[in-house]
Amino acid sequence: MTADAIDLNNAELCRLAERRIKAPNYDRASVTVGIAHIGAGHFHRAHQAAYLNLLLQQGLAREWGICGVGVMPADWTMRDVLTDQDGLYTLILENPDGSRDAEVIGSIIDYRYAPDDPESARELLAAPSTRIISLTITEGGYRDPDGPAFTLIAEALDRRRRRGVPAPTIVSCDNIENNGEVAKRTVLASAEHIDPELAAWVAEHSRFPCSMVDRITPATTLEMAAEVRRDFGVNDRWPVVAEPFAAWVLEDDFADGRPPLERAGVLMVDDVRPYELMKLRMLNAGHQSLCYFAHLCGFEFVHDAAQDPLFAKFLLSYFDTEAIPTLPPVPGIDLHEYGRTLIERFANPAVRDTISRLCAYSSDRIPKWLYPVICDNLASDGPVRLAAATVASWARYAEGVNEWGEPYEVVDQLADSLVPIARSQHENPIAFIEVTALFCDLAHQPRFVEAYRWALDSLHGKGARATLEALLR
C-alpha cells in the first residue's frame, strides 16, 4: 500500500475513506482560531486537540479552532510538518487486543513559530478572537518567568491591556500539582518585569483554571510514520500513537467564554484537586516507581516490565499502601480499582511506551510527583519504604552505568551535576538525597534515610530484581 500512499493535506482529505481512516466531516475553512496552544507536541495532539476535533465533528465549537505556537528552537520540525500537512495528522489508538483505530485530526488550523516570527506569535496571542491560551511545556517549563513561553504571553497580555482587548483564560495542561496556580504565579512574575500595572490587570481579569490530563502517549518515532504508510496508506511525517483511554478534568473558571467541552467528555468541575492528586501520585509517580528498576533490569518497553508479576506487585503495593492513603476521596472513583486499571494500561503491549522516556528529566518529575507522597507519609507516620526504594533506584540509575558495567546516557537538565553526585554515593550513601534543591530535608529524616540506605545498598550489592523481591517479601 505504501507505493500509492496518500499525502496528508486538505486536498486529499476526501480520499481517506478508502484507507479506513476517519477524517474531519466539517469544513475546516470555516473554523476560526479561538485557542492558541503553546507546545503542540505529541501529547497535545493526542489529547486536547483530539477533544476539540470531537466537538467539531459534532458541528460545535467552530470558533474554537487551535493555532499551535512553537517557542523552542527544536519546534521547527513541528512547524514544517504541520505547515506541509495543513495542520492535519493521524492519531492512532493502540487497543490492548492488538487492533488499531486511526483518525485524522483537523482541529489545529494554524501554526506560528516564534523563533522565526515573534511578532506574528505575539499578535496571535493578543488577538481578541484568541480567548484561551493553553500550554504543554513540560514540568520544567514553569521554572523561569523569563523563559520564551511566559515572556511571549506577558508581551501579548500587555498589548491586550493597552488595546482594551479582554483578558484570556490561560490553561496549563502540564503534570504539575495545582497547575493553574503555578501558571498564574509564573505569568504574573513575567508581567511584573514588564510593568507592575500589567501584573495587576492580569491578576484581576485573567483566569487560570487547574486541569488534570491523562493519556499515555509515547514520543513519535520514524517507525510509527512508516507503519501509518504501510498499514493505512497515508504519508504522515508525524503521526501520534496513544492508548485508547483519555481523561480531562477541568476547573470551570473562564474569563471570556469556552467551548462546550463537556459535550466531548471533559469533566468540568469546581475543584480539580482530588483528580489531580490521584493522577500525579498514582499514574505519574507509578511510572517513576517502575522505570528505574525496569531500566536496571534491562527492560526496554514499559509493557514488558508491567507484565512482569514482580513489577506489577510492586506497583500495586505502592498504590495501596503509600499513595492512596495520602489522597482525599475522589468523586466517582474507586482508588484501589484505579490502581489496578493503571497496571493494565501500563501493560498494553500495543502502546510501546519506552522505559527511557519515563526515566528522562527525572529532576522535574520526582520532586513534583513522588516527593509529596513521602512528605505526607512522614508527617502521618505512614509507610515510606517503597517510595524510598524508588528514590534509591533513581539514584542508582543516575550513576549512568548498568548492572553489567555498560554506560548509558542520563537525560536530565541537571545531569551534569547529578551524575557525579550519584557516582560518589559509594563513599557517601546519602550524597544524592543531600541535594536540597530536589529533596529539601529528606536527608535529615531518619525513617526515610534508613529505608533509602537499605534500598541503595541492596541495589549496589544484589541488583534491582533481588531488591524488589526483598521489598515485597
Side-chain angles (χ1 to χ4, degrees), residues 1-37 40-70 75-95 99-113 116-117 120 124 215 217-242 244 246 259 264 350:
M1 190 177 288
T2 304
D4 62 341
I6 299 170
D7 290 334
L8 192 55
N9 55 51
N10 283 335
E12 299 292 324
L13 276 178
C14 60
R15 297 183 58 197
L16 289 175
E18 65 192 66
R19 303 302 193 193
R20 299 178 292 114
I21 297 181
K22 186 178 180 180
N25 64 2
Y26 49 90
D27 176 13
R28 297 184 75 227
S30 70
V31 179
T32 56
V33 172
I35 301 171
H37 185 86
H42 61 281
F43 180 78
H44 169 72
R45 294 185 301 135
H47 192 271
Q48 297 97 30
Y51 278 95
L52 265 297
N53 185 74
L54 182 56
L55 286 181
L56 290 167
Q57 295 279 41
Q58 298 175 46
L60 304 170
R62 295 297 176 95
E63 72 276 24
W64 293 104
I66 299 168
C67 180
V69 181
D75 290 334
W76 67 267
T77 307
M78 187 64 70
R79 171 202 64 191
D80 290 352
V81 169
L82 290 181
T83 299
D84 291 347
Q85 297 182 178
D86 295 325
L88 297 165
Y89 60 93
T90 315
L91 174 61
I92 306 292
L93 301 185
E94 299 279 9
N95 300 308
S99 63
R100 316 169 90 193
D101 299 315
E103 179 174 8
V104 169
I105 305 297
S107 54
I108 298 177
I109 59 171
D110 196 359
Y111 191 86
R112 308 291 170 89
Y113 182 60
D116 274 357
D117 193 349
S120 174
L124 168 77
R215 173 168 261 176
T217 309
T220 299
T221 65
L222 292 175
E223 180 186 7
M224 292 174 185
E227 289 176 354
V228 171
R229 282 194 299 274
R230 182 195 69 206
D231 297 342
F232 297 101
V234 172
N235 286 322
D236 184 344
R237 289 165 53 198
W238 210 330
V240 184
V241 173

E227: which residues meet the side-chain contact (heavy atoms from CB on, under 4.5 Å) condition with it, sequence neighbours left out? R100, E223, R230, D231, R352
Taking only residues two or more places apart in sequence or in another chain, which ones pass ring pair (Phe, Tyr, Trp, His ring centres under 6.0 Å) with H42? none
At their closest point, which heavy atom of A46 faces which heavy atom of A50, and how far apart are they? O-CB, 3.6 Å
Report the residues that fulfil salt bridge (Lys or Arg N to Asp or Glu O under 4.0 Å) with R215, sequence neighbours left out, ordered by chain and then residue number. none
Should H44 and I66 count as side-chain neighbours, where that means a heavy-atom distance under 4.5 Å? yes
Who pairs with D84 by side-chain contact (heavy atoms from CB on, under 4.5 Å), at least two apart in sequence or on another chain? R237
Quick one: closest heavy-atom pair of P244 and N95, and the distance? CG-OD1, 3.2 Å
Can you list the residues that meet the side chain to side chain donor-acceptor pair (under 3.5 Å) rule with T217, with sequence neighbours excluded? none
Working to the nearest 0.5 Å, report the span between CG of L82 and OG1 of T77. 10.5 Å
What pairs with I109 under side-chain contact (heavy atoms from CB on, under 4.5 Å), at least two apart in sequence or on another chain? R28, V31, V33
Can you list the residues that meet the salt bridge (Lys or Arg N to Asp or Glu O under 4.0 Å) rule with R62, with sequence neighbours excluded? none
D101 meets the salt bridge (Lys or Arg N to Asp or Glu O under 4.0 Å) criterion, sequence neighbours left out, with none
Between G106 and N53 the two heavy atoms that sit nearest each other are N-OD1, 3.0 Å
Is there side-chain contact between V81 and Y111, with heavy atoms separated by less than 4.5 Å? no
Nearest-0.5 Å distance, CG of residue L91 to CD1 of residue I105: 5.0 Å
Which residues pass the side-chain contact (heavy atoms from CB on, under 4.5 Å) test with N25, sequence neighbours left out? Q57
Name all residues meeting the ring pair (Phe, Tyr, Trp, His ring centres under 6.0 Å) criterion together with Y51; count only those two or more places apart in sequence or in a different chain, and write none if there are none. H47, W248
Side chains of Y113 and T83: closer than 4.5 Å at any heavy-atom pair? no
In this structure, CD of E12 is separated from CG of D7 (nearest 0.5 Å) by 6.5 Å
Less than 3.5 Å apart, any donor N or O on the side chain of N9 or D86 sitting next to an acceptor on the other? no
Nearest non-hydrogen partners of Y89 and A49, listed with the distance: OH-CB, 3.3 Å
Identify, with sequence neighbours excluded, every residue that meets salt bridge (Lys or Arg N to Asp or Glu O under 4.0 Å) alongside D110. R112
Within a strict 4.5 Å, meaning less than it, do heavy atoms of the P259 and L60 side chains meet? no
Mind checking whether P24 and L56 have side chains closer than 4.5 Å, heavy atoms only? no
With heavy-atom distances below 4.5 Å as the criterion, would you say the side chains of R45 and T220 are in contact? yes
State, to 0.1 Å, how close Q58 and A264 come at their nearest heavy-atom pair, and which atoms those are. NE2-CA, 4.4 Å
Can you name the residues that form a side chain to side chain donor-acceptor pair (under 3.5 Å) with T90, not counting sequence neighbours? D236
When rounded to the nearest 0.5 angstrom, what distance separates CD1 in I35 from CD in E63? 9.5 Å
Which pair of heavy atoms, one from A5 and one from V234, lies closest together, and at what distance? CB-N, 4.1 Å
